[in-house]
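Just below is one structure, and these are the notes that go with it.
Each chain gets a letter, A, B and so on, in the order its sequence line appears, and its residues count up from 1.
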Amino acid sequence: MNTFASRLIAWQNKHGRHDLPWQGQDAYRVWLSEIMLQQTQVATVIPYYQRFVAAFPSVAALAAASEDDVLAHWSGLGYYARGRNLHKAARIIVEKFNGSFPHKFEDIVELPGIGRSTAAAVCALAYHERRAILDGNVKRVLARYCGIAGWSGDKKVEEKLWQQAEALLPPQDVATYTQALMDMGATVCTRSKPKCVLCPVQGDCVALQSDRVAELPSPRPRKAVPERSAVFLLLMHGNDILLEKRPGSGIWGGLWCPPQFEDEDAARDWFVRNGMEASEGERLDTFTHTFTHFKLHITPLRVELARKPLLAAQPGAVWLDVGEALGAAIPTPVRKVLSVLSPLPPGDNQRLG
DNA sequence: AAATCGGGGAA
DNA sequence: TTCCCAGATTT
């Protein structure tokens, strides 16, 4: 029988990717790759994945590491809550499952950062269990193949997609089939300019037959992006800079950043309140960091101190050499600012107009 | 400049 | 239960 699944499996054996570093690896590695791949494409993930497994070769090693160390290896990937959840889950696995990754779907899906699709992916890829996944690639493939219109964030639409994902599962070879769905979505059934001529299911793809490939899947309804401004206060002493650990939730949760303020006045208030001489500093060029939901215009304000104040005594504040800071758990815009800093002699500040 | 991705947590 | 949010990268 020439089903959807059998054609995908045949395609996978001929044209799929077989050399990804997490393929055929244990559940820990499959899990790690799935979490990284949720937010980032394969080519970008590979070097992060390699460094991560080298540093944390097992669930036990990951659980034994500090959250800071884990986030440092996540730095630049974004979605840092996922790095923290990964670490939390590793500690739970050590506590509750003796350090070996659980085998039951119901146990896996309970872990922080793992939902229905990721749990199913681990079960299918690592344990060869018959489970349906529904990640971004699969949503796109199924929306087109089955002609399902509407945004996949809509509950009803997502329900239909899950139903199809379950219905199309083959009786066996689920690991190969699952990899086929993902590889097909990534290389053939791409968001723009899909290569339908290379598709193993072009013959009965509803979107292709009805000439709706470009319209499916329906995009998310979008809204205007608000803009905000912020000042990064770069307190420097020689080549050392003061960084604060951000609260665990919200933007850049748990990462190290310079003190951040709504505007220069607020930065100055804080500066004076902490017993430092105000009014001197260097205003660096404003740049814009774009998030999904807003734009942040960042103005770094650099102040060179003659001596370090006692701020490091505050919990969550630390003086770091700029080089060390670049190796720490910092978000991208902070990395950008730090990488262009060069040391100035203490007290050598320009007067701000 | 716009689209994206699965899960957590707030509403 | 439903809605909103996170962030770097690609198109």
Give the nucleotide from the list [options] with an atom nearest to the side chain of [X].
{"X": "A:Arg220", "options": "C:dA8, C:dA6, B:dG8", "answer": "C:dA6"}
{"X": "A:Asp135", "options": "B:dC5, C:dG7, C:dT10", "answer": "B:dC5"}
{"X": "A:Arg140", "options": "B:dG6, B:dC5, C:dA8", "answer": "B:dC5"}
{"X": "A:Tyr80", "options": "B:dG7, C:dT10, C:dA8", "answer": "C:dA8"}
{"X": "A:Thr44", "options": "C:dT9, C:dA8, C:dA6", "answer": "C:dT9"}
{"X": "A:Ser192", "options": "C:dG7, C:dT11, C:dA8", "answer": "C:dT11"}
{"X": "A:Ser117", "options": "B:dA3, B:dG6, C:dA8", "answer": "B:dG6"}
{"X": "A:Lys155", "options": "C:dG7, C:dA8, C:dT2", "answer": "C:dT2"}

Within the 4.0 Å heavy-atom criterion, would you say A:Ile114 contacts the bases, only the backbone, or no part of the nucleic acid?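 Since only primed, P, OP1 and OP2 atoms lie under 4.0 Å of A:Ile114, the category is sugar-phosphate.
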Any base atoms under 4.0 Å from A:Arg84, or only sugar-phosphate, or nothing? Heavy atoms, all strands.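 No contact at all - A:Arg84 keeps every heavy atom at 4.0 Å or more from the nucleic acid.
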Rounded to whole Å, please give me the gap between [atom1] in [X] and [atom2] in [N].
{"X": "A:Lys139", "N": "B:dT4", "atom1": "NZ", "atom2": "P", "result": "11 Å"}
{"X": "A:Tyr48", "N": "C:dT9", "atom1": "OH", "atom2": "C1'", "result": "11 Å"}
{"X": "A:Asp154", "N": "B:dG6", "atom1": "CG", "atom2": "P", "result": "16 Å"}
{"X": "A:Trp252", "N": "C:dC5", "atom1": "CH2", "atom2": "C1'", "result": "15 Å"}
{"X": "A:Glu110", "N": "B:dG7", "atom1": "CD", "atom2": "P", "result": "13 Å"}
{"X": "A:Leu37", "N": "B:dG6", "atom1": "CG", "atom2": "P", "result": "11 Å"}
{"X": "A:Gln38", "N": "C:dG7", "atom1": "CD", "atom2": "P", "result": "14 Å"}
{"X": "A:Lys295", "N": "C:dA8", "atom1": "NZ", "atom2": "C1'", "result": "15 Å"}

Is NZ or CZ of A:Arg51 both nearer than 6.0 Å to the six-membered ring centre of A:Tyr48 and within 45° of the ring axis?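 Checked: cation-pi criterion met.
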What I want to check is whether an N or O donor and acceptor connect the side chain of A:Arg116 with the base of B:dG7 at under 3.5 Å.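 By the distance-only test, no, there is no pair.
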Could you grab the distance from atom CD of A:Glu304 to atom NE2 of A:His237, nearest 0.5 Å is fine? 7.5 Å
Between the CG atom in A:Leu32 and the CG atom in A:Leu62, the distance rounded to the nearest 0.5 Å is 8.0 Å
By salt bridge (charged side-chain N to carboxylate O under 4.0 Å, His left out) - contacts of A:Arg7 (at least two apart): A:Asp204
Nearest-nucleotide comparison on DNA chain B, the residue closer to the 5′ end among A:Gln39 and A:Pro112: A:Gln39
